[in-house]
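On a predicted model such as this, the values are computed, not experimentally measured, just so you know. Chain naming here is simple, since letters A, B, ... match the order of the sequence lines and numbering starts at 1 in each.
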There are 2 protein chains.
Amino acid sequence: MLPFHGGQRQDVIFLTIKEIAQLAGVSVATVSRTINHQGKASPEVQKRVWDIMKKYDYVPNATGRSLRTTRTGMVLVLLPLLSNSFYSPIVEGIDHAARQQGYNIIVATIQMDRATEDRYLSLVRMRQVDGLISLSSTLSTAEIQAFGQQHPFVIACECPQDARISCVEIDNYKAGYDAATSLIRRGHKRIAMINFDYVSLSPPLREKGFRKALKDAGITPDESLILHTEQFDIESGAASCEKLLSLPEPPTAVFCYSDPLAIGMIHALAAHGLHAGKDMEIIGFDNTDVAGVFLPGITSVAQPTFDIGVTAFGLLREKMLDLNSTPKRVTLPHTIVYRDTAKEPK
Amino acid sequence: MLPFHGGQRQDVIFLTIKEIAQLAGVSVATVSRTINHQGKASPEVQKRVWDIMKKYDYVPNATGRSLRTTRTGMVLVLLPLLSNSFYSPIVEGIDHAARQQGYNIIVATIQMDRATEDRYLSLVRMRQVDGLISLSSTLSTAEIQAFGQQHPFVIACECPQDARISCVEIDNYKAGYDAATSLIRRGHKRIAMINFDYVSLSPPLREKGFRKALKDAGITPDESLILHTEQFDIESGAASCEKLLSLPEPPTAVFCYSDPLAIGMIHALAAHGLHAGKDMEIIGFDNTDVAGVFLPGITSVAQPTFDIGVTAFGLLREKMLDLNSTPKRVTLPHTIVYRDTAKEPK
DNA sequence: TCTCTGAAGGTAATCGTTTTCCTTTTTTCT
DNA sequence: AGAAAAAAGGAAAACGATTACCTTCAGAGA
């Protein structure tokens, strides 16, 4: 628990509802009711109050209001980091939905650091915000569930299977299956996967789907073609590419866990005088904006990011209205955006 | 002014300081003083209070606290949009500095929409946050100044020349001068500039610096080589490139207002079978993360983003401590990061 | 004329803290 | 030992809104 050293703002004068009431010659109740459009006051009185408020540039104090109503109108969104264009449209979706219900969202990054995450979780506990949407958490399943029991809390994109909490995500198993199938239908037989190996939930699911697709097509997965990296960044992609190229029989297509991995692949191929899309087909994941901008354009599995955001807020809203409502689990459909590095089959 | 419909959170029970006091057999004053490390209570009493708080998982209510102290410990950061990697490190810098002073930052995007911006400005007016750092505003100079007089408010990156308000930015004139000079020293004589033409403050400054560098080198700026675009995106870059290539005597080097413009140039060159860095040298701006990732690597003018963030919070802190302190204007140094599209001179 | 109803509006309690005064007890100094 | 000072802790007044409850008054219906 942090100490709190109050530093006042005594330097600027501003009016309270009491003074507005005095100036308008009515009671504070009437002013409050006027502000909140609760009728009760006659039109003439309301007009007088509005005029005074405008004249003196009155703005109600959010803190006083929140204390009384036990609601702040703010929702916290936690991201791992800001500089990942995958999250932006999700946040926009949340914001869009929140705004329609009169909420403001605030965004904070946890930098995948537990202490930082705790600092922001305590904003919820202290009721400085009304609810929380987390796009990536360092919490254990048990902790997630416990927190969700105490506060409106929704998870997007990385939902623990067994936590009783509202969440929204794509079907990662199916996404892996679809990506592999797409490459198979292009005629590839030796297909690699570069997977992310951190304690994260989606990688094993995508890999399972990937393997199943191969088996369904009568291809036995070659373990030397399934690599795991500790980061999903460009360097890891390049390193993995080198490994694959040094095999006696390199793959002709690769499914990457992320777009940066795909970019690393392309870099490494270029260093060998090879071209992604011609000498090797590549599919990335998340359809981040660089995928559409890169040369060559990167084929990528796209998540319905904006909808994920909208849905997440909807789920949170239910929880804010009734904390005891039963948690919902929503799955949204993904797509594959075909560009240069892997053409559309057929 | 928005009405406010209180929706209660009656469903979950939690303790107040009063109940903690009762359970510990002390007064609320003692509990409060213990929480805030204000001494006064004996060590034994303090321990008893901490134990009770831990046992019952007590967390002080931020709203009650804020109402009394007139401070929320939150600072609002306004961005144009989230999906621009230029802003991320600035926000990280702000966050870093804020954290050291016990503040939390919250990020919101204004989507370059006045109504949206107003909604967030009213968070400041309602005192739901203690201060505001804006990385891009749709407000007029007069409005900016007025707001800065009433609330702690700092601007970063795009500071109106004549507003009396604290701000931090680079020297855009010098940045334009340096970029041009770099190309001149590489031996180029026909140097183009693709500038941004929106009501923004930095474009004319950078252009002035660009022109001055040419003149200082004895080169008369060729007006057909100085283009203005309404967006600073990839499409505009490609379109501008086409224009330049269709000239009787195309330039051999280009200075772009942004990295996306540079990427557009590269795309268009590639479409003509030309290579950026070989057939034409290109310098972008902001050193966004795609610049380092792209093939070829994009040479770009880099702003000291993290430091801009740290400095911005420092300036805001001064204003939060004393709203009447005289505004400061800070200029930080830029650099040029050389990659493939324009080699370092000499 | 009398009662009843609804509208208009005021009074004061309340939300959960922090902090200003107090009072009481203990320690220190002479 | 006695006075002064310091330490420990409590009671209650803020902070600025919302709202439950009450009062007054005008008009309707009998």
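Applying the salt bridge (charged side-chain N to carboxylate O under 4.0 Å, His left out) test to every pair with at least one member in residues 36-50 of chain B, sequence neighbours left out, gives these pairs: B:K47-B:D51. Applying the ring-ring contact (aromatic ring centres under 6.0 Å, His included) test to pairs two or more places apart or on separate chains, those with a residue in residues 122-148 of chain A are A:F147-A:H151, A:F147-A:F153. Within the structure, every pair that satisfies the salt bridge (charged side-chain N to carboxylate O under 4.0 Å, His left out) test and touches residues 306-318 of chain B, not counting sequence neighbours, is listed here: B:E318-B:K328.
The salt bridge (charged side-chain N to carboxylate O under 4.0 Å, His left out) check on A:E169 picks up A:R329, with sequence neighbours excluded. Applying the side chain to side chain donor-acceptor pair (under 3.5 Å) rule to A:E143 yields the partners A:R114, A:S140; only residues at least two apart in sequence or on another chain are considered. For B:S200, the side chain to side chain donor-acceptor pair (under 3.5 Å) partners two or more places apart in sequence, or in a different chain, are B:E158. Evaluation of the side chain to side chain donor-acceptor pair (under 3.5 Å) rule for B:T116 yields A:R99, B:D113 as partners, not counting sequence neighbours. Not a single ring pair (Phe, Tyr, Trp, His ring centres under 6.0 Å) links B:Y120 to another residue, sequence neighbours left out. For A:N84, there are no side chain to side chain donor-acceptor pair (under 3.5 Å) partners two or more places apart in sequence or in a different chain.
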For nucleotides 14-17 of chain D, which of its nitrogen or oxygen atoms have a protein nitrogen or oxygen under 3.5 Å away, and what is each distance?
residue: D:dA14; atom: N3; partner: B:R68; partner atom: NH1; Å: 3.2
residue: D:dC15; atom: O2; partner: B:R68; partner atom: N; Å: 3.4
residue: D:dG16; atom: N2; partner: A:G64; partner atom: O; Å: 3.0
residue: D:dA17; atom: OP1; partner: A:Y58; partner atom: OH; Å: 2.8
residue: D:dA17; atom: OP1; partner: A:N61; partner atom: N; Å: 2.5
residue: D:dA17; atom: OP2; partner: A:I17; partner atom: N; Å: 2.4

Every protein N/O within reach of nucleotides 8-10 of chain C N/O, cut-off under 3.5 Å:
residue: C:dG9; atom: OP2; partner: A:S42; partner atom: N; Å: 2.5
residue: C:dG9; atom: O6; partner: A:K40; partner atom: NZ; Å: 3.0
residue: C:dG10; atom: OP2; partner: A:S27; partner atom: N; Å: 2.8
residue: C:dG10; atom: OP2; partner: A:S27; partner atom: OG; Å: 2.8
residue: C:dG10; atom: OP2; partner: A:T30; partner atom: OG1; Å: 2.7
residue: C:dG10; atom: N7; partner: A:R33; partner atom: NH2; Å: 3.0
residue: C:dG10; atom: O6; partner: A:R33; partner atom: NH1; Å: 3.3
residue: C:dG10; atom: O6; partner: A:R33; partner atom: NH2; Å: 3.2

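Ring to ring, A:F14 and A:Y58 are not that close: their centroids are 6.0 angstrom or more apart.
Atom CE of A:M126 and atom P of C:dG16 are 14 Å apart (whole Å).
In the helix from C:dT1-D:dA30 to C:dT30-D:dA1, the rotation axis of the first five pairs and that of the last five pairs differ in direction by 40°, rounded to 10 degrees.
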